[in-house]
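Worksheet for the structure shown next.
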Amino acid sequence: MEGEAKKIISEFSFLSSWEEKYEHLISMGQEMPQLDNSLKIEKNLLRGCQSKVWIVCKYNAGKLYFYADSDALITRGIVALVVRLYSGATPQEIINTKLNVFSKIGLQDHLSMNRVNGLNIMIQKINRHAVKCLNDE
Amino acid sequence: MNNYDLEKTANLFPCLSRGEEKMIYFDNAATTQKPTVVIDSIADFYTNGYSNIHRSAHNLGFRATQRYENSRGVIRQFISARESDEIIFTSGATESINLVANSFGKNIVNKNDIILVSEIEHHSNMLPWQQLAKEKGAKVKNIPLNKDLTIDVESMKKVLNDSVKLVVVHHLSNVTGIMQDIKEIVGVFQELGIPVFVDGAQAPAHIRVDVKDLNCDFYCFSGHKAFGPTGTGVLFVKEEFVKKMSPYKMGGQMVSRASLISPEWADPPLKFEAGTPNISGIIGLSAAIQFIEDVGMEKITIYEKRLTEYMLEELSQIPELIIYGGQKKAAPIFSFNVDGVHHSDISTLLSENNILVRSGHLCNQGLMNYLNIDGCVRVSLAFYNKLDEIDQFIVVLKKILSFLNK
Ligand SMILES: Cc1ncc(COP(=O)(O)O)c(C=O)c1O
């Protein structure tokens, strides 16, 4: 996770204008595989975001994997970034690590409160899932 | 006095003219900025004349009471109410609506009765009525609409019957800036003795509100949407109805004789203002209203008409852009979507360019459902906005759309 975070921060550090930053964020979203329509259901929908965000969590061989999607381009990019950060980590890693990638890539200011909340809601959901996996073991 | 140059009023609002970063504030339907006179009036009250009101027998208290009660007079005059007693101070439009639902609605709505509400109300003007209906076993029924989102008065007459006990409409839409013909609507119900409640939250920043002329029985708005402080609101209640209302908030200063067995309520409006009110806020609100009158409501309306026409013309040049509610706006409030683009992407990138707008369902899920959309971008102007800000906004919007369509 830390390694992926460093990589993302470094990718953004070369970009200065909003166009470049968002272009990168959006293309990250476009590269992420789309969530199958059968998974875009109420149960996987996050409440509290301005655009729709779906997230599915899978636990396999001690690691957590996340699959997500959104109906808005920028949100999809943010979702992809979160998936990149957390997918493939162990529950313990997720619980122990506090990331502040968004403030370091110079986007947080401009992500409207609603979306920041959405981001927090998504990270909360990931954390809750990690805790649940540990408890179930 | 009365000599403000509307192209330059932004300078009177410190938050708009803050140094370094230029910002275009197009989120006025959410809340308006405050002019220095309002900020100063609040500071002056705390600095030079602060006291509680309506209770202490000392000079400071008398003077504070006088300022508070003078504010009531200023508001009365602003909306042309007959009596100051018809003006109840609240914390905002939301509290005004809840007050009427509880203090009046509960007394007149009974099982199987009907409350007619337009289906395109702000949540604040929908949920309290739904709650009231639920508690009383009554029903909330939709008022039919025309294509342009105005109330279809002719069809409305057809859904009328004896069970209708209250009618609830907005004056100016928070999504489209379109105005309802309150006078005509009131005309229909008045003969039948059915009271009409008007949510005027968006109106006083843009148009002259004259409750005598509208002839409605209830009218409310929020101070913060009319250049006044947050936490201030107004509820106008026609005198004959004030008497039919019972207080829903109990506390200090609302009784003339406190006895646990049979308390005697103070006369209205104090009966509805239990507890220490937002004194400084109300003083600030009256400064805001005086400021509007100094600038000139009629001048504001004319100037905003120019802003509206110009914005509509510019927006119409962007293909794939759908504006909701048509061209006949009473205020420069524009909600739109662009085909194939998500509204939240547009507002995020506008904000990235220091143009502040709002997107989402705009607390009006009813209207979103009616339009069959899940949200939109809302651009809402006030009289301190300028034509060249519209130019800049359009340039940036076009840039954003070509960026998102790449
Ligand atoms: C039409 C309308 N009604 C009611 C409200 C609620 O106002 P407040 O939140 O100030 O109480 C608003 C605010 O957005 C509004 O636009």
Side-chain angles (χ1 to χ4, degrees), chain A residues 12 15-32 34-35 37 40-42 45-54 68-82 102-103 105-122, chain B residues 18 20-27 30-31 123 175 320 335-365 368-369 372-380 392-393 395-406:
Chain A
F12 274 91
L15 311 170
S16 52
S17 70
W18 69 263
E19 282 100 333
E20 291 172 327
K21 284 188 181 179
Y22 280 94
E23 210 157 326
H24 186 54
L25 193 64
I26 289 170
S27 71
M28 244 160 46
Q30 282 161 343
E31 282 158 22
M32 175 176 71
Q34 285 193 5
L35 204 58
N37 275 340
K40 289 185 187 171
I41 46 173
E42 189 68 23
L45 194 62
L46 287 188
R47 300 232 156 261
C49 314
Q50 220 184 69
S51 39
K52 293 198 176 92
V53 175
W54 299 270
D69 213 331
S70 168
D71 60 345
L73 273 183
I74 295 171
T75 315
R76 206 178 136 75
I78 295 168
V79 166
L81 201 153
V82 172
F102 277 86
S103 57
I105 58 179
L107 281 173
Q108 175 129 16
D109 270 6
H110 294 292
L111 296 174
S112 74
M113 224 23 223
N114 277 319
R115 206 187 312 274
V116 171
N117 287 341
L119 180 66
N120 289 338
I121 295 167
M122 189 165 164
Chain B
R18 261 171 323 139
E20 347 77 54
E21 244 180 37
K22 200 173 154 20
M23 128 185 122
I24 297 182
Y25 187 76
F26 278 177
D27 196 16
T31 194
H123 294 170
V175 178
E320 285 103 40
S335 288
F336 63 84
N337 269 307
V338 178
D339 207 19
V341 181
H342 198 284
H343 48 84
S344 89
D345 287 335
I346 296 176
S347 66
T348 302
L349 294 183
L350 282 170
S351 150
E352 190 73 46
N353 285 275
N354 286 321
I355 299 176
L356 314 190
V357 304
R358 185 163 165 201
S359 74
H361 58 55
L362 312 176
C363 296
N364 199 325
Q365 203 70 61
M368 298 302 121
N369 292 344
N372 201 15
I373 55 176
D374 73 348
C376 54
V377 181
R378 179 182 68 193
V379 178
S380 54
Q392 289 161 23
F393 160 70
V395 169
V396 173
L397 179 62
K398 283 181 178 161
K399 197 163 109 182
I400 287 171
L401 292 178
S402 75
F403 175 80
L404 288 171
N405 279 323
K406 249 200 287 203

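All values below come from the heavy atoms of this structure, side chains included, with hydrogens, waters and symmetry mates left out. In what follows, chains are A, B, ... by sequence order, proteins preceding strands, each numbered from 1.
- Residues meeting the side chain to side chain contact (heavy atoms under 4.5 Å, CB included) test with A:Leu45, sequence neighbours left out: A:Glu42, A:Lys52, A:Trp54.
- Between A:Thr75 and B:Thr348, every side-chain heavy-atom pair lies at or beyond the 4.5 Å cut-off.
- Going from atom CG of A:Leu73 over to atom CG of B:Leu349 covers 9.0 Å, rounded to the nearest 0.5 Å.
- Of the two parts of B:His343, only the side chain, counted from C-beta on, holds a non-hydrogen atom closer than 4.5 Å to a non-hydrogen atom of chain A.
- Taking CD1 of B:Ile400 as the reference point, atom OH of A:Tyr22 lies at 10.0 Å (rounded to 0.5 Å).
- Between the side chain of B:Asp345 and the main chain of A:Ala72, no donor-acceptor pair closer than 3.5 Å is present.
- What you find for A:Trp18 and B:Lys399 is that their closest heavy atoms are CZ2-CE, 3.8 Å.
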